[in-house]
Amino acid sequence: MKVLVLPGDGIGPEIVGPTVDVLEAADAAYGLGLELETADIGFAGLAREGTTLPQAVLDRIPEVGGVILGPVSHYDYPPRHEGGINPSAELRVRFDLFANIRPCRSRADLTVLRAPMDLVLVRENTEGFYSDRNMYAGSGEFMPDPDNAFSIRKISARGCERVARAAFELARLRRRKVTAVHKANVLKLSDGLFLREVRKVAEAFPDVQLEELIVDAAAAALIRRPDAFDVIVTTNMFGDILSDEAAELSGSLGLGGSLNAGHDVGVAQAQHGSAPDIAGRGIANPTSLILSAAMLLDWRGRRDSNEALVAAAAGIESAVETVLGEPGSRTRDLGGHLGTAEFAGHVVARLTSDSRAAASGN
């Protein structure tokens, strides 16, 4: 499997490097045959090629088995016409990465919740209120005069149908429940369309329970009864907000994995941003990107019926959980004392040890 690695900005290179170390350990342990190659994007790409997303990178993505995308500081980029393209948004639209999949599982002594959380949020990823990705040309946000600003929300039947299908297929592998989160009581047309398409998809999955919940009630329920959720499916902005809430409630935003998936392209991406305030200090928590990389292996493995990739993904997740379960081997943001590379080193050691034990039958 060929993997294109894009380090990004801020803490991006600092967490991408250790993530690559974990992937290389998984490659050695499971015989994956990974081929990792790196390319510059973000400010590094801008300095070298005059754009934060070089054409060579875009051309290469369809040719590889998956992409590791480091955090990017797109808020600080110059205007698009000066080369400042948001790589995250551009890849989602360019390669039709319609499903953003974000698992959230609480850790006993890190969560603030009274009941355990184990859910996956499936977020529509290419339209909604995101003005930089919902128009064919131009921006969906505009100002007709200095004192009025407008934003267009795009909701399509096709977009809703395919993200709903992704959620129901995932639920079949879990506890067979999908919660459709919406605001159809106010956004009657757009969220009404979303619910219509979700209900149509649900008819093809009679073995999966469908629940419908208004977004503000869902936000409260994540705190009050997090154990009631299995798979949540929702529109772009609602999903962005709720997944960050769920990750923080489960222990930390730095623990949330994230995969952007289309029909043919998968991009692993940390759920958090580039954190420029701590860049260069070696203290960033790489867990989110490591778990995202594991999700990429699992996604590709299931698509290609490659059991080794699926097993390696499970091995990485297990190693991360074991290391997080030991207070002394956590990063500083979680109350531990380890730096970025040190934490990843513990994950690599555990992954290697577990794979050897499994191979010997112990």
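Please read all numbers here as calculations on a predicted model, not as lab measurements.
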Ionic contact status for [Y] with [X], cut-off 4.0 Å:
X	Y	result
R162	D96	yes
R114	D227	no
R165	E161	yes
E211	K177	yes
E321	R105	yes

Can a side-chain donor-acceptor contact be found between [Y] and [X] if the only test is distance below 3.5 angstrom?
X	Y	answer
S292	S258	no
Y130	N125	no
T179	E212	no
N285	T287	yes
S305	E307	no
E124	T234	no

Within-4.5 Å side-chain heavy-atom neighbours: [X] and [Y]:
X	Y	result
R107	L324	yes
I214	V186	no
E14	I278	no
F150	M143	no
I85	H74	no
H346	L338	yes
F168	L210	yes

List for me each residue that meets salt bridge (charged side-chain N to carboxylate O under 4.0 Å, His left out) alongside [X], sequence neighbours excluded, and say none if there are none.
X	answer
R94	E90
E197	K200
R175	D118, D230
D191	R153

Is there a donor-acceptor contact under 3.5 Å from the side chain of [X] to the main chain of [Y]?
X	Y	value
S353	A349	no
D27	L32	yes
D304	N306	no
S73	D76	no
T52	G84	no
E342	G339	yes
T111	S106	no
T340	G282	yes
Q209	R176	no
S252	E248	no

Exercise for the section: Return yes when atom CZ of R196 has more than 12 non-hydrogen atoms of other residues, nucleotides or ligands closer than 6.0 Å, and no otherwise. Expected result: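 Yes, because the 6.0 Å sphere around CZ of R196 holds more than 12 heavy atoms from other groups.
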Exercise for the section: Using a cut-off of 6.0 Å, state whether more than 12 heavy atoms not belonging to L189 lie near its atom CG. Expected result: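 No, the 6.0 Å shell around CG holds no more than 12 heavy atoms from other groups.
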Problem - Reported CD1-to-CG distance for the pair I61 and L58, which is rounded to 0.5 angstrom - result: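 If we round to the nearest 0.5 Å, I61:CD1 and L58:CG are 5.5 Å apart.
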Handout entry: Approximate separation, where rounding is to 0.5 Å, of L113 CG and S250 OG
Key =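 Nearest 0.5 Å value for the CG-OG distance: 7.5 Å.
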Practice task
May I have the step-by-step check of side chain to side chain contact (heavy atoms under 4.5 Å, CB included) for I232 and V122, ending in yes or no?
Solution key: CA-CA 6 Å; I232 296 174; V122 183; over 6 Å; no
Atom of [X], atom of [Y] and distance for their closest heavy-atom approach:
X	Y	value
L213	A221	CD2-CB, 4.4 Å
G257	P103	O-CD, 3.6 Å
G262	W299	O-CZ2, 3.7 Å
A218	F229	O-CZ, 4.2 Å
L110	L334	CD2-O, 4.0 Å
S318	D354	OG-OD2, 4.3 Å

Practice task
Could you list the residues that satisfy ring pair (Phe, Tyr, Trp, His ring centres under 6.0 Å) with F43, not counting sequence neighbours?
Solution key: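 F43: ring pair (Phe, Tyr, Trp, His ring centres under 6.0 Å) contacts with Y77.
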Exercise for the section: Starting from the C-alpha separation in whole Å, work towards a yes-or-no answer on salt bridge (Lys or Arg N to Asp or Glu O under 4.0 Å) for R60 and E37. Expected result: CA-CA 10 Å; R60 185 59 176 150; E37 56 185 85; 2.8 Å; yes
Exercise for the section: Could you check L119 against C104 for side chain to side chain contact (heavy atoms under 4.5 Å, CB included), going step by step and ending with a plain yes or no? Expected result: CA-CA 5 Å; L119 61 85; C104 291; 4.0 Å; yes
Problem - Trace of the side chain to side chain contact (heavy atoms under 4.5 Å, CB included) decision for I101 with M295 - result: CA-CA 9 Å; I101 304 167; M295 293 177 67; 3.9 Å; yes
Handout entry: Which residues share a side-chain hydrogen bond (donor to acceptor under 3.5 Å, both in side chains) with N236, sequence neighbours left out
Key =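 By the side-chain hydrogen bond (donor to acceptor under 3.5 Å, both in side chains) rule, N236 matches R123.
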Problem - salt bridge (Lys or Arg N to Asp or Glu O under 4.0 Å) between E169 and R172, worked out - result: CA-CA 5 Å; E169 290 174 350; R172 268 190 173 162; over 6 Å; no
Practice task
List the steps and the verdict of side chain to side chain contact (heavy atoms under 4.5 Å, CB included) for Q271 and R102.
Solution key: CA-CA 8 Å; Q271 194 168 329; R102 295 184 170 185; 3.5 Å; yes
Exercise for the section: Run the ring-centre check on F98 versus H263 and record whether the distance is less than 6.0 Å. Expected result: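 So the answer is yes for these two rings.
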Exercise for the section: Take S88 and N86 through the side-chain hydrogen bond (donor to acceptor under 3.5 Å, both in side chains) test and state the conclusion after the steps. Expected result: CA-CA 6 Å; S88 177; N86 177 358; 4.7 Å; no
